Amino acid sequence: MTEVIKLMLVEDDIEICDSYRQALKDNQKMMLCCETDSEQEALCYVKSHHADVIILDLELREGDGISFLEELKSEGRPKPFVVVITNTISNIILNLVRQNGADYIYQKMNLSYSPYKVLSIIEKAFPYKQMADARSEMLLAEKYTQERYDRLTRKYIMNYLQNLGFKPSVAGTRYLQEILFFVISGEKKLDETNISELYAAAGVVCNNSEANVEKAIRVAIEGAWQTAKISALQKYYPFEYDEDKGKPTNRDFIYNLSNKLRSE
């Protein structure tokens with residue numbers, strides 16, 4: 001069985017309220033969950049209760065519909081389907097209403113206007129609103145999952161670098177973290193990207209030049225190799241490097257460690 005659509009009526013005209021109640025009497029698909037002629041009462045209700053649809057008049061006994069829409073928009077929560085009912089013909093006001101979240105505007109001066117007509121439009125449009133909300137929720141969930149994955153990946157990389165002897169407070173370590181993240185996450189592909197492009201990408205994120213990124217990474221690697229224990233190097237960087245120089249080059253370190261981290 002399809003869930004009943006819960007309607008909230010924000011209107012100060014008693015006769016219009018009566019006509020909506022009458023129209024809903026034999027409507028099995030909708031129910032009136034709240035009726036008020038006050039902006040503040042309406043806001044209090046939507047903050048603590050659920051309404052699928054709001055039928056909103058712009059002219060109210062207390063407050064107004066535009067201020068109500070602005071406040072509803074600022075809440076940042078999923079909003080109900082909003083049908084604005086108004087006497088105004090001002091394009092400026094109507095555009096303002098749309099910008100603040102009205103899904104549909106019905107002018108009372110329209111010869112076809114009636115509560116039955118409004119309810120019919122809601123019945124046809126509401127399923128599309130539900131599909132749009134479901135898609136928005138899915139996209140938000142995907143975004144949250146991706147952000148969480150990215151955060152954990154960066155943390156894993158930093159922990160790995162620290163195990164090798166890198167200090168997180170050193171700028172070169174942070175640049176390495178970004179470059180390794182680019183490669184591990186697939187944002188940059190090693191076989192399609194040269195080392196200069198990786199420096200430049202890290203520079204954009206960290207607000208520094210390509211040359212400064214290259215130098216800072218070189219210094220960070222040198223510092224790590226001077227203090228790291230042999231056992232740590234053998235475990236976390238089991239690759240050959242120039243013994244005379246006493247450390248791997250930037251390029252070798254980035255490429256070797258990227259491949260190792262991706263395989264783990």
Side-chain angles (χ1 to χ4, degrees), residues 1-140:
M1 181 178 177
T2 305
E3 282 190 29
V4 175
I5 300 172
K6 294 181 179 179
L7 298 176
M8 178 180 178
L9 181 60
V10 187
E11 169 66 69
D12 67 348
D13 188 309
I14 295 175
E15 290 185 5
I16 291 177
C17 290
D18 287 341
S19 66
Y20 273 100
R21 285 196 294 271
Q22 184 64 36
L24 285 165
K25 265 189 177 180
D26 299 321
N27 192 316
Q28 302 298 312
K29 297 179 180 180
M30 302 180 191
M31 63 170 285
L32 192 61
C33 64
C34 177
E35 179 185 323
T36 180
D37 59 0
S38 162
E39 174 194 337
Q40 289 304 313
E41 286 181 5
L43 286 170
C44 286
Y45 185 88
V46 294
K47 288 178 180 180
S48 56
H49 298 79
H50 174 71
D52 296 308
V53 177
I54 298 175
I55 301 174
L56 175 67
D57 186 20
L58 293 186
E59 302 83 21
L60 300 171
R61 175 188 61 80
E62 179 275 312
D64 63 88
I66 294 176
S67 298
F68 172 82
L69 286 172
E70 289 175 341
E71 187 67 26
L72 191 65
K73 186 178 179 181
S74 71
E75 284 289 302
R77 67 180 73 190
K79 75 173 182 60
F81 186 79
V82 179
V83 179
V84 168
I85 309 297
T86 181
N87 285 311
T88 187
I89 60 172
S90 167
N91 284 329
I92 293 174
I93 297 300
L94 296 178
N95 286 333
L96 179 62
V97 168
R98 291 187 184 96
Q99 288 171 12
N100 280 288
D103 296 289
Y104 190 83
I105 299 174
Y106 212 124
Q107 293 171 297
K108 294 178 182 177
M109 62 183 296
N110 190 317
L111 294 178
S112 67
Y113 168 74
S114 74
Y116 291 95
K117 185 68 174 178
V118 174
L119 296 180
S120 174
I121 290 169
I122 290 171
E123 185 179 332
K124 293 173 184 175
F126 188 67
Y128 293 97
K129 158 74 171 171
Q130 289 179 304
M131 286 190 288
D133 285 348
R135 177 164 175 76
S136 294
E137 289 177 9
M138 181 179 69
L139 291 173
L140 283 172

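Here the structure is a predicted model, which is why all the values come from computation and not from measurement. Position 1 is the first residue of the sequence, and the numbers go up from there.
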[X]: partners by side chain to side chain contact (heavy atoms under 4.5 Å, CB included), with sequence neighbours left out:
{"X": "N100", "answer": "L69, E70, K73, L96"}
{"X": "D37", "answer": "D12, R61"}
{"X": "I93", "answer": "L58, I66, T88, S90, V97"}

side-chain hydrogen bond (donor to acceptor under 3.5 Å, both in side chains) against S19, all qualifying residues, sequence neighbours excluded: none

Which residues share a salt bridge (Lys or Arg N to Asp or Glu O under 4.0 Å) with K29, sequence neighbours left out: E123

Rounded distance [0.5 Å steps], [atom1] in [X] versus [atom2] in [Y]:
{"X": "C34", "Y": "H49", "atom1": "SG", "atom2": "NE2", "result": "8.5 Å"}
{"X": "I5", "Y": "I122", "atom1": "CD1", "atom2": "CD1", "result": "7.5 Å"}
{"X": "M30", "Y": "K6", "atom1": "CE", "atom2": "NZ", "result": "14.5 Å"}

Could you list the donor-acceptor pairs under 3.5 angstrom formed by side chains in residues 39-46, with sequence neighbours left out?
residue : atom : partner : partner atom : Å
E39     : OE1  : D64     : N            : 3.1
E41     : OE1  : T36     : OG1          : 2.6
Y45     : OH   : C33     : O            : 3.4

Would a 4.5 Å heavy-atom cut-off, applied to side chains only, mark [X] and [Y] as touching?
{"X": "M31", "Y": "L24", "answer": "no"}
{"X": "R98", "Y": "I105", "answer": "yes"}
{"X": "F68", "Y": "L60", "answer": "no"}
{"X": "H50", "Y": "D52", "answer": "yes"}
{"X": "I16", "Y": "I85", "answer": "no"}
{"X": "M8", "Y": "P80", "answer": "no"}

If you apply the rule side chain to side chain contact (heavy atoms under 4.5 Å, CB included), what do you find for Y20 with L32, and how did you get there? CA-CA 9 Å; Y20 273 100; L32 192 61; over 6 Å; no

Start with the C-alpha distance between I54 and K79, add both sets of side-chain angles, then the distance that settles side chain to side chain contact (heavy atoms under 4.5 Å, CB included), and finish with yes or no. CA-CA 9 Å; I54 298 175; K79 75 173 182 60; over 6 Å; no

